[in-house]
Number of protein chains: 2
Amino acid sequence: MARAAPESNPHRRIAAISAAMPPGVTPKGARGRILNAALCLFADHGYGGTSVRDICSAAGAQPTTLYAHYPSKEHVLAEIIRLGHEEHHRRLRDALLTAQPDPTQQLSALVRAHVQSHCDYSMLAVVATAELHALSAEMATPILTLRAQSERLLIDVIERGIEQGVFNVPDTVMALRAIGGMGMRVAYWYEPGCGRTPEEVGGFFAEFARRIVGVMNA
Amino acid sequence: MARAAPESNPHRRIAAISAAMPPGVTPKGARGRILNAALCLFADHGYGGTSVRDICSAAGAQPTTLYAHYPSKEHVLAEIIRLGHEEHHRRLRDALLTAQPDPTQQLSALVRAHVQSHCDYSMLAVVATAELHALSAEMATPILTLRAQSERLLIDVIERGIEQGVFNVPDTVMALRAIGGMGMRVAYWYEPGCGRTPEEVGGFFAEFARRIVGVMNA
DNA sequence: GTCTATAGATAGATAGAC
DNA sequence: GTCTATCTATCTATAGAC
């Protein structure tokens, strides 16, 4: 029983259509087309629901052209997930570096970056998070390290806000999970035609985050 | 290249280990064992990453015993997803029915139910949401209807809170997405040994939800 | 209902011509 | 680097004995 073709199935995993990659990271030529095709298919059907043939076909290539550029399907997924996490971490880091040095401004900047990244690169974000479990342990390890570093950025800001008496948080870990989690879900429902820009969504969620940590006016 | 065995891969998609089902919904005998085994495997490896053989083996049955109880692998997934959504909706409805009739109490009750459900049945919640896209359109339609009804419960409470001047929300849809999304992510990190009970987590997230809608003291 | 055996399709991956 | 052909393993699902 063949899997339904993408266009015959009206309910999709993610609202976004385009597979935008961060500027400058997409490889040139067939390797780049394969990477982009894989990103779209992994986002829609998952890693396990996508065959190498599907990817090559969507990339306009022959059924095994992928193997001229990647050792395996898993290596394609690993590159996508790596690119996604690197872009996400870069945005968080840049946001922190340019924010005013008080916890409220830093929290706002982090959440805006987190959410905007999930809007601008929603397919990348979904695949990077939802398909991470499909990677072998050794390919996942460096990714998990980077994830922990990104999480650390937010934890540190929350803890400093509490220490300075600016934040009123009943539980640091719970606040971290709530703020991080509400931003991660954005990748599933955001699409450019939804009536909001990524900046607007980031602004709303930054306000929600400030409220979660007990800062009502910022 | 065979997929790595579950126990050889230390990074899992979800923290929880047990595949608890709501009381009274698990079928008796082999059909129930197959359903539970499928739930665990779908939660860990995804629908596309799990074979019928895997399910039967985990259920202690022969490789094709599944077909004596279900017409196809997709029907097993459909039953799991249906049970998950029904339990979730039942909890939300019961929470609303027993809550005091003011928007703040109703919001608190809804979020507690939403979060506790994602703690108590985390595998069910993850599979019900993350694998919904693997269902064909016709099998997904009734589920999507139920999802919309559950979402409607929360929207109505938020809108009534705004109308009564109790809530201060910059954007209803954004608040809905934030509150719903932070609760959905709970299923990925909650586990019984994490130091918090589902009631405690529900309490923290209800507080966060109240703060998101601008209610600081409740 | 459960077993063995297996059909028929498709998966990931490789070899060698060009 | 791309194409054709293909290997081997595995997949979903079925048939028929017990």
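Every chain is numbered from 1, with letters handed out A, B, ... down the list of sequences. Just so it is clear, the structure is predicted and the values come from calculations on it, not from any experiment.
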For [X] and [N], give me the distance from atom [atom1] to atom [atom2], rounded to whole Å.
X       : N      : atom1 : atom2 : value
A:Leu66 : D:dC3  : CG    : C1'   : 15 Å
B:Ile34 : C:dT2  : CD1   : P     : 8 Å
A:His75 : C:dA13 : NE2   : C1'   : 13 Å

B:Thr65 side-chain N/O to C:dC3 phosphate OP1/OP2 under 4.0 Å = yes

ask   = Is a side-chain donor-acceptor pair under 3.5 Å present for A:Thr50 with A:His45?
value = no

Could [X] and [Y] be called an ion pair, given the rule that one side-chain N must be under 4.0 Å from one carboxylate O?
X        : Y        : value
A:Asp156 : A:Arg160 : no
B:Arg31  : B:Glu79  : yes
A:Glu151 : A:Arg177 : yes

message = A:Glu87: which residues meet the salt bridge (Lys or Arg N to Asp or Glu O under 4.0 Å) condition with it, sequence neighbours left out?
response = A:Arg90, A:Arg91

Any residue meeting salt bridge (Lys or Arg N to Asp or Glu O under 4.0 Å) with A:Glu199, in chain and number order, not counting sequence neighbours = none

remark   = Nearest heavy-atom approach of B:Pro63 to B:Cys56 is O-SG, 3.4 Å

key: Least distance between heavy atoms, A:Arg211 atom then B:Ile212 atom   = NH1-O, 2.7 Å

request  = Quick one: list whatever passes ring pair (Phe, Tyr, Trp, His ring centres under 6.0 Å) with B:Tyr47, sequence neighbours left out.
outcome  = B:Phe42

inquiry  = Of the listed nucleotides (D:dA13, D:dC11, C:dG12), which one gets closest to any side-chain atom of B:Tyr67?
reply    = D:dA13

note = With the side chain defined as heavy atoms from C-beta on, A:Val52 is closest, among C:dT2, C:dG12, D:dT14, to C:dG12

query = Do the ring planes of B:Phe208 and B:Phe204 sit parallel (below 30°), tilted (30 to 60°) or perpendicular (above 60°)?
reply = parallel

Atom pairs under 3.5 Å, N or O on each side, protein against nucleotides 4-6 of chain D: can you list them with distances?
residue	atom	partner	partner atom	Å
D:dT4	OP2	A:Gln62	OE1	2.9
D:dT4	O4	A:Thr64	OG1	3.3

query = Contacts to DNA chain C from residues 25-32 of chain B, heavy-atom cutoff under 4.0 Å, which residues?
reply = B:Ala30

key: Inter-end axis angle, the helix from C:dG1-D:dC18 to C:dC18-D:dG1, with every axis fitted to five base pairs (rounded, 10 degrees)   = 0°

